[in-house]
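Every number for a ligand or one of its atoms is a count from 1 in the order of the listing. Everything numeric here is computed off the predicted structure, so don't read it as measured data.
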Amino acid sequence: MGLGIGIFLLLLVLATIFATKSLKDRKAKKMREYFFKQNRGLLLQQLVDKDIAERMIFSLEELENATNKFDKARILGGGGHGTVYKGILSDQHVVAIKMSKLVIQREIEGFINEVAILSQINHRNVVKLFGCCLETEVPLLVYEFIPNGTLYAHLHVDGPASLPWKDRLRIAFEVASSLAYLHSSASISIVHRDIKTSNILLDDCLTAKISDFGASRGITIAESGVITAVQGTYGYIDPEYFYTRRLTEKNDVYSYGVMLVELLTRKKPTIDMSLDGVSLVAHFVQLLSEDRLSEILDAQVTEEGEEEAKQVAAIAALCVQMKGNDRPTMRHVEMRLQGIQSSNNFRAILEYKGCKSD
Ligand SMILES: *[C@@H]1O[C@H](CO)[C@@H](O)[C@H](O)[C@H]1NC(C)=O
Ligand SMILES: *[C@@H]1O[C@H](CO)[C@@H](O)[C@H](O)[C@H]1NC(C)=O
């Protein structure tokens with residue numbers, strides 16, 4: 001009798017556990033389907049080419065397999081926005097998978113926006129988006145894996161050993177050429193809105209790849225100067241844009257100029273030069289105008305290419321002018337940097353090293 005009750009209770013417990021689990025599984029599946037429908041709808045609204053969307057969709061199971069169920073050991077890094085995991089797809093492609101921490105509507109729109117923008121772009125200096133997973137509340141984004149970290153991390157190391165000047169000059173050119181492409185090649189112009197060294201990734205040949213298009217916007221010529229909510233990062237953000245909220249390509253030109261100053265000085269634009277709030281850029285422009293550039297140049301730059309650095313400093317100063325209209329276009333900057341580069345023969349050196357990314 002006692003044994004019978006015991007077995008009965010045991011079976012009851014097992015049945016409950018089983019029922020709870022299958023209920024949970026069913027609920028999880030329902031949620032996945034719900035998010036998928038909602039996110040797919042949002043994505044299709046933004047995409048001109050609907051076929052692209054269908055081709056870019058990954059299932060959650062596929063990404064769980066690729067990351068060993070989002071194993072902590074696979075975390076590559078995380079910012080304020082989310083966590084990036086390294087994954088290996090079933091076809092052996094190595095990818096970086098971005099997952100958001102926050103579930104807020106703006107975040108979802110940012111992710112969808114990034115898919116819509118990046119699916120239209122194919123440039124060797126822009127990080128490739130393979131696709132996205134729509135089964136989670138905030139979509140997961142799947143990019144090509146860029147092995148060598150951010151430009152920021154390469155510049156801001158302790159001690160003198162840092163990125164050689166010739167690589168910095170080439171990276172400056174690569175970023176300029178991809179921004180020129182974004183600004184002017186398509187029927188709409190894409191403004192990145194958050195250009196900074198921590199958004200420039202480097203591959204194993206130290207080729208630059210622009211990343212993080214969550215804040216980007218496509219604008220038609222008619223929309224140039226449209227009023228928007230301000231997006232960007234302190235130290236890099238165009239002050240004219242900050243005050244007027246008028247979005248144009250020249251917003252990126254300013255941030256790009258700040259990046260040049262950072263490449264030349266190896267100082268962080270996010271930290272002011274003095275307690276009374278003089279920014280790195282203001283300090284740099286001041287010294288340049290007084291012909292005291294050498295006081296702020298990175299010693300390594302002075303040693304490896306001071307003459308070129310002076311020319312790059314002049315370009316940086318043009319880019320960070322207060323009025324957007326006075327700043328050059330990225331196409332113009334690209335051409336000037338190409339001129340400086342071809343007076344040098346480091347492209348040959350690079351190929352000699354046997355390093356040539358796609
Ligand atoms: C994930 O891995 C499991 C077990 O190895 C496999 O059965 C399943 O087909 C995989 N799913 C996908 C979508 O690759
Ligand atoms: C980064 O690139 C440099 C130069 O190609 C290389 O020596 C280094 O091993 C790379 N680092 C990583 C983490 O891939």
Side-chain angles (χ1 to χ4, degrees), residues 14-79 81-103 105 107-122 126-149 201 203-204 209 211-214 357-358:
L14 285 178
T16 314
I17 291 174
F18 185 73
T20 317
K21 187 174 178 317
S22 79
L23 203 69
K24 251 193 180 153
D25 286 351
R26 278 235 303 277
K27 205 169 153 206
K29 184 155 177 271
K30 266 240 167 67
M31 289 307 276
R32 287 204 306 269
E33 283 167 2
Y34 171 77
F35 292 137
F36 181 82
K37 253 174 89 176
Q38 183 167 313
N39 289 327
R40 183 170 171 277
L42 283 172
L43 181 59
L44 288 179
Q45 264 172 27
Q46 293 217 19
L47 278 181
V48 194
D49 186 345
K50 312 294 181 212
D51 293 341
I52 291 183
E54 303 300 343
R55 254 187 287 131
M56 291 179 83
I57 294 172
F58 286 87
S59 72
L60 185 58
E61 189 188 341
E62 210 170 339
L63 299 186
E64 279 173 351
N65 281 5
T67 55
N68 197 11
K69 287 210 160 41
F70 297 100
D71 187 349
K72 279 204 170 59
R74 296 291 191 91
I75 292 181
L76 290 169
H81 286 291
T83 314
V84 181
Y85 293 84
K86 182 175 181 175
I88 301 170
L89 299 178
S90 51
D91 63 6
Q92 302 305 315
H93 262 111
V94 183
V95 293
I97 300 170
K98 190 159 89 175
M99 182 190 259
S100 177
K101 272 196 206 118
L102 305 161
V103 182
Q105 194 58 33
E107 201 79 1
I108 299 176
E109 282 162 11
F111 274 55
I112 296 279
N113 182 52
E114 184 155 359
V115 177
I117 297 236
L118 280 178
S119 66
Q120 306 167 43
I121 297 174
N122 187 11
V126 174
V127 69
K128 263 193 197 52
L129 181 74
F130 288 143
C132 56
C133 169
L134 304 173
E135 290 165 47
T136 49
E137 188 158 14
V138 184
L140 307 175
L141 301 190
V142 184
Y143 306 90
E144 66 174 321
F145 175 67
I146 311 291
N148 227 330
L201 304 178
D203 75 3
D204 46 3
K209 309 269 182 181
S211 76
D212 205 340
F213 284 73
S357 57
D358 51 80

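For the pair K98 and Y143, the cation-pi test (distance below 6.0 Å, angle within 45°) is failed.
Applying the side-chain hydrogen bond (donor to acceptor under 3.5 Å, both in side chains) rule to K21 yields the partners D25; only residues at least two apart in sequence or on another chain are considered. For F70, the ring-ring contact (aromatic ring centres under 6.0 Å, His included) partners at least two apart in sequence or on another chain are Y85.
Among the atoms of E61, some N or O lies under 3.5 angstrom from an N or O of ligand 1. Any N or O atom pair closer than 3.5 Å counts here, and N65 shares at least one such pair with ligand 1.
Distance check on atom 14 (O) of ligand 1: some protein heavy atom falls below the 4.0 Å cut-off. Atom 5 (O) of ligand 1 lies below 4.0 Å from none of the non-hydrogen atoms of the protein. For atom 10 (C) of ligand 1, a protein heavy-atom neighbour is found at a distance under 4.0 Å.
Using a 4.5 Å cut-off on side-chain heavy atoms (C-beta onward), L60 and L140 make contact.
When L134, L129, T136 are each tested for a side-chain contact (heavy atoms from CB on, under 4.5 Å) with C132, only one passes: L134.
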